[in-house]
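Residue numbers start from 1 in every chain, and the chains themselves are labelled A, B, ... in the order their sequence lines are given, proteins ahead of strands. All heavy atoms count here, side chains included; hydrogens, waters and symmetry mates do not.
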Amino acid sequence: MSYWLMKSEPDECSVDDALAAPRATVPWTGVRNYQVRNFMRDAMRVGDGVLFYHSSCAEPGIAGIARVASAARPDPTQFDPRSPYHDPAAKPQAPRWLLVDVQVLRKVPLITLPVLRANPELADLLVLRKGNRLSITPVEPRHWDAILKMAGG
DNA sequence: GCCAACGTTGGC
DNA sequence: GCCAACGTTGGC
């Protein structure tokens with residue numbers, strides 16, 4: 001079992017949006033970075049723990065606890081000319097981009113970036129590192145434990 | 001809107 | 001394969 005932090009823009013899909021979906025599950029569309037795609041393809045497994053992170057918003061931070069709910073599969077938005085995630089170079093016979101389903105288990109009181117940064121246990125958390133731009137990053141078990149503690153168990 | 005950081009593109 | 005230009009991310 002591995003742990004991950006997954007960034008979502010709440011304007012596009014917030015924790016509340018995901019909770020409102022059937023089975024509180026949403027397809028994680030729009031990944032267009034090869035390193036992140038490879039995480040999904042090679043390392044993410046059903047049942048892995050997920051920190052649901054709100055990014056590019058007024059209050060960035062961890063907003064929910066979730067789990068990986070499917071294996072990696074082709075992201076249909078790459079084939080949709082009307083989607084902002086359309087990739088004209090991707091062919092259905094040779095999909096370039098993948099997604100996994102993410103199921104929210106519970107919403108947590110927002111753990112903001114300043115609060116995360118103030119915890120010395122999280123000094124090495126990848127998402128806190130300068131210049132980090134990956135929308136999915138692996139989370140070490142000790143970081144997962146520390147953050148769950150901050151989230152109230 | 002600014003800007004640092006980093007990924008991608010494309011000419012050579 | 002190098003690397004400058006350009007695009008994107010994302011906090012502030």
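- Clustering of Ile, Leu, Val, Met, Phe, Trp and Tyr by side-chain heavy atoms under 4.5 Å joins A:Trp97 with A:Tyr34.
- As a whole-Å value, the separation of A:Arg37 CZ from B:dG7 P is 15 Å.
- Exactly one residue among A:Val115, A:Val108, A:Asp145, A:Ile62 makes a side-chain contact (heavy atoms from CB on, under 4.5 Å) with A:Met150. That residue is A:Val115.
- The listed nucleotides are C:dG11, B:dG7, B:dA4; the one nearest the side chain of A:Arg133 is B:dG7.
- In terms of hydrophobic clustering, with Ile, Leu, Val, Met, Phe, Trp and Tyr side chains grouped at heavy-atom distances under 4.5 Å, A:Met6 and A:Tyr53 are assigned to different clusters.
- What separates CG of A:Leu128 from P of C:dG11 is a distance of 10 Å, to the nearest Å.
- In summary, A:Arg67 and A:Asp101 do not engage in a salt bridge, as defined by a charged side-chain N under 4.0 Å from a carboxylate O.
- Checking A:Asp17 against A:Ser14 by side-chain atom types alone, a donor-acceptor pair falls below 3.5 Å.
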Show the distances under 3.5 angstrom between N or O atoms of the protein and N or O atoms of nucleotides 8-10 of chain B.
none

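- Partner of A:Asp75 under the side-chain contact (heavy atoms from CB on, under 4.5 Å) criterion, out of A:Arg32, A:Arg96, A:Met40: A:Arg32 alone.
- B:dG7 atom C1' lies 14 Å from atom CZ of A:Phe39, rounded to whole Å.
- With rounding to whole Å, A:Leu110 atom CG is found 12 Å from C:dG11 atom P.
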